[in-house]
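Notes to accompany the following structure.
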Amino acid sequence: MYSLDNATQAAQLDAAHDRVRVLKLLQFLAWLGKFIAFIAAAVGVVIFARR
C-alpha cells in the first residue's frame, strides 16, 4: 500500500486547501454569472414585451 510520510502529507494537504479555496471561488463566480445572465434575459424579455 502507498502512503505518504508526515511532511509530504502536510504539504499535500496545504496545497489541496489552497486549490479547494480557488475552486470554491470559481464555483461561486460561475453561479453568479448564471444568475446575472438569467436576470439579464428576464429584463430583455420585459423590455421586448413592452415595445
Side-chain angles (χ1 to χ4, degrees):
M1 172 138 183
Y2 178 75
S3 63
L4 300 174
D5 65 355
N6 290 337
T8 305
Q9 186 176 10
Q12 291 297 319
L13 281 173
D14 287 340
H17 285 298
D18 291 340
R19 288 181 184 145
V20 167
R21 187 176 303 127
V22 169
L23 290 174
K24 285 188 178 186
L25 175 65
L26 290 173
Q27 187 177 24
F28 172 75
L29 290 175
W31 178 85
L32 186 63
K34 289 178 192 177
F35 179 74
I36 291 173
F38 176 77
I39 296 298
V43 169
V45 167
V46 169
I47 290 172
F48 182 75
R50 285 187 177 183
R51 291 180 117 196

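Bear in mind the structure is a predicted one, so any value in this text is a computation, not a measurement.
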Check: Given the rule that I, L, V, M, F, W and Y join up when any side-chain heavy atoms are under 4.5 Å apart, are F38 and V43 in one cluster?
Finding: yes
Check: How long is the gap from CD on Q9 to CG on D14, to the nearest 0.5 Å?
Finding: 11.0 Å
Next item on the list: Any ring pair (Phe, Tyr, Trp, His ring centres under 6.0 Å) involving residues 11-36? Give me the pairs, sequence neighbours left out, ordered by first then second residue.
Entry: W31-F35
Notebook entry, point to check: Measuring from D18:CG to L13:CG, what's the distance to the nearest 0.5 Å?
Noted result: 11.0 Å
